[in-house]
Amino acid sequence: MGRFVIGVDGGGTKTLGAIAGHDAVVMAHNEVGSTNYNVQPLDVVRSNLRLLVDNLLHAVDGRPEDVDAICLGMSGCDRPDDKKMYGDLAREVLPGAKCDAVNDAVIALVGGVGVPRGIIVISGTGSIAYGYDGLSKSARCGGWGNILGDEGSGYGLAFHGLRAIMRAHDGRGEPTALRDAVLGALKLERPEQLLGWLREVKWGKADIAALSREVLETAAAGDPVARRIMEQEADDLAHQAQVVAGKLFSGATGFSVVVGGSNLRKSRVYFDCFTAAVGRRLPGVPVVLPEREPVEGALICAASMLN
């Protein structure tokens, strides 16, 4: 009988890992590069996952055979082929451990409320709403990327903020303090230079999404244009939660909406705006900040495989 379980929170940029005993109490953390095979070549994913496990085991003076279970929460992991791929990679590193691969929204939900019941709404670079009924049924809404979706995300906030700046510059829209906030952040002098900046960053989703901070700060300062953008994006997120709730809970209460992603977790004004929107769409359903980090949710999922 081994001693440890491992949880993995794998994103497109970095991967966080944690190791614990069967009680899912963290003993050590580690961070490596991306383990998302939709972003990185498979050899890079394999190498990073092995490095992560090796580092965690070294931190607790453990061996691969001491690990009883590993749960990988991976961005975009929904299809059976994805689950098989990640499961096979985990078994290469830990051949004796039980393995499970799930969407990273699942581990965020479990970390957030401690159990797989409720709805997680994530607003980071992208966005998604994901829910579990506590038994066997799950549902999702959104998560379709910045071309087909990502409403309420950092990208969505910034995209509409940039458009508002250009509309105001043309005289088609209301003047907004977003102009000076965004140009100042990018060290530009005129709105028309934004096109050159977009070409320079190759229309990068993450580069654009980073400007969501200026949108939220400008909204918090009272700018009406930024405020309307924030309110619309928050309502789009709340609508996603409402759709998921309708699939899983039939309008009943007794569950929570937990927030994930930097926008909702770090911006109080956006969190409050989202909470108000959920209150309109799902009366009586509380919106909560997560109790534990997603990687700790992965540990809880890994430990649950042993029971």
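The figures here come from the full heavy-atom set of this structure, side chains too, leaving out hydrogens, waters and symmetry mates.
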Taking the side chain as everything from C-beta on, heavy atoms only, tell me whether [X] gets closer than 4.5 Å to [Y].
| X | Y | answer |
| --- | --- | --- |
| D150 | F159 | no |
| E233 | Y270 | yes |
| E151 | L237 | no |
| N55 | V32 | yes |
| L162 | L194 | yes |
| F249 | V285 | no |
| R190 | L183 | no |
| M74 | N103 | no |

Which atom pair, heavy atoms only, marks the closest approach of [X] to [Y]?
| X | Y | value |
| --- | --- | --- |
| R265 | P294 | NH1-CD, 4.4 Å |
| T15 | G33 | OG1-O, 2.8 Å |
| L186 | L211 | CD2-CD2, 3.9 Å |
| E214 | A210 | OE1-O, 3.8 Å |
| L72 | Y86 | CD1-O, 4.4 Å |
| A164 | I229 | CB-CD1, 4.1 Å |

Treating Ile, Leu, Val, Met, Phe, Trp and Tyr as nodes and any side-chain heavy-atom pair under 4.5 angstrom as an edge, say whether [X] and [Y] lie in one connected cluster.
| X | Y | answer |
| --- | --- | --- |
| L306 | L299 | yes |
| V121 | V288 | no |
| V295 | V93 | no |
| L289 | V113 | no |
| L148 | Y155 | no |

Can you tell me if [atom1] on [X] sees more than 12 non-hydrogen neighbours from other groups inside 6.0 Å?
| X | atom1 | result |
| --- | --- | --- |
| R91 | CZ | yes |
| D23 | CG | yes |
| E189 | CD | no |
| R228 | CZ | yes |
| K247 | NZ | yes |

Is it true that a side-chain atom of [X] and a backbone atom of [Y] form a donor plus acceptor pair closer than 3.5 Å?
| X | Y | answer |
| --- | --- | --- |
| R140 | G142 | yes |
| D68 | A97 | no |
| R117 | D133 | yes |
| S47 | D43 | no |
| D104 | D9 | no |
| K14 | S34 | no |
| D66 | R63 | yes |
| S267 | L264 | no |

Just by distance, no angles: are the side chains of [X] and [Y] close enough, under 3.5 Å, to form a donor-acceptor pair?
| X | Y | answer |
| --- | --- | --- |
| N48 | T35 | no |
| D236 | Q240 | no |
| T218 | D223 | no |

To the nearest 0.5 Å, how far apart are [atom1] in [X] and [atom2] in [Y]?
| X | Y | atom1 | atom2 | value |
| --- | --- | --- | --- | --- |
| E296 | E293 | CD | CD | 6.5 Å |
| Y132 | I120 | OH | CD1 | 12.5 Å |
| D235 | M230 | CG | CE | 12.0 Å |
| E200 | Q193 | CD | CD | 11.0 Å |
| I107 | C301 | CD1 | SG | 7.5 Å |
| K84 | C99 | NZ | SG | 12.5 Å |

*Show your reasoning for whether side chain to side chain contact (heavy atoms under 4.5 Å, CB included) applies to V102 and C71.*
CA-CA 8 Å; V102 298; C71 175; 4.1 Å; yes
*Determine, for R172 against D170, whether the closest basic-nitrogen to carboxylate-oxygen distance falls under 4.0 angstrom.*
yes
*asked:* So that I can tick it off, tell me whether D272 and R268 are bridged by a salt bridge, with the cut-off set at under 4.0 angstrom between side-chain N and carboxylate O.
replied: yes
*Passes side chain to side chain contact (heavy atoms under 4.5 Å, CB included), L198 versus I208? Steps please.*
CA-CA 8 Å; L198 286 168; I208 295 170; 3.8 Å; yes
*What's the verdict on side-chain hydrogen bond (donor to acceptor under 3.5 Å, both in side chains) for S127 and S153, showing C-alpha distance, side-chain angles and the deciding distance?*
CA-CA 5 Å; S127 66; S153 68; 4.8 Å; no
*Test side chain to side chain contact (heavy atoms under 4.5 Å, CB included) on V5 and V67 and set out the steps.*
CA-CA 6 Å; V5 297; V67 179; 5.8 Å; no
*asked:* The test is side chain to side chain contact (heavy atoms under 4.5 Å, CB included); show your working for W197 and D207 and say whether it passes.
replied: CA-CA 10 Å; W197 174 79; D207 295 290; 4.3 Å; yes
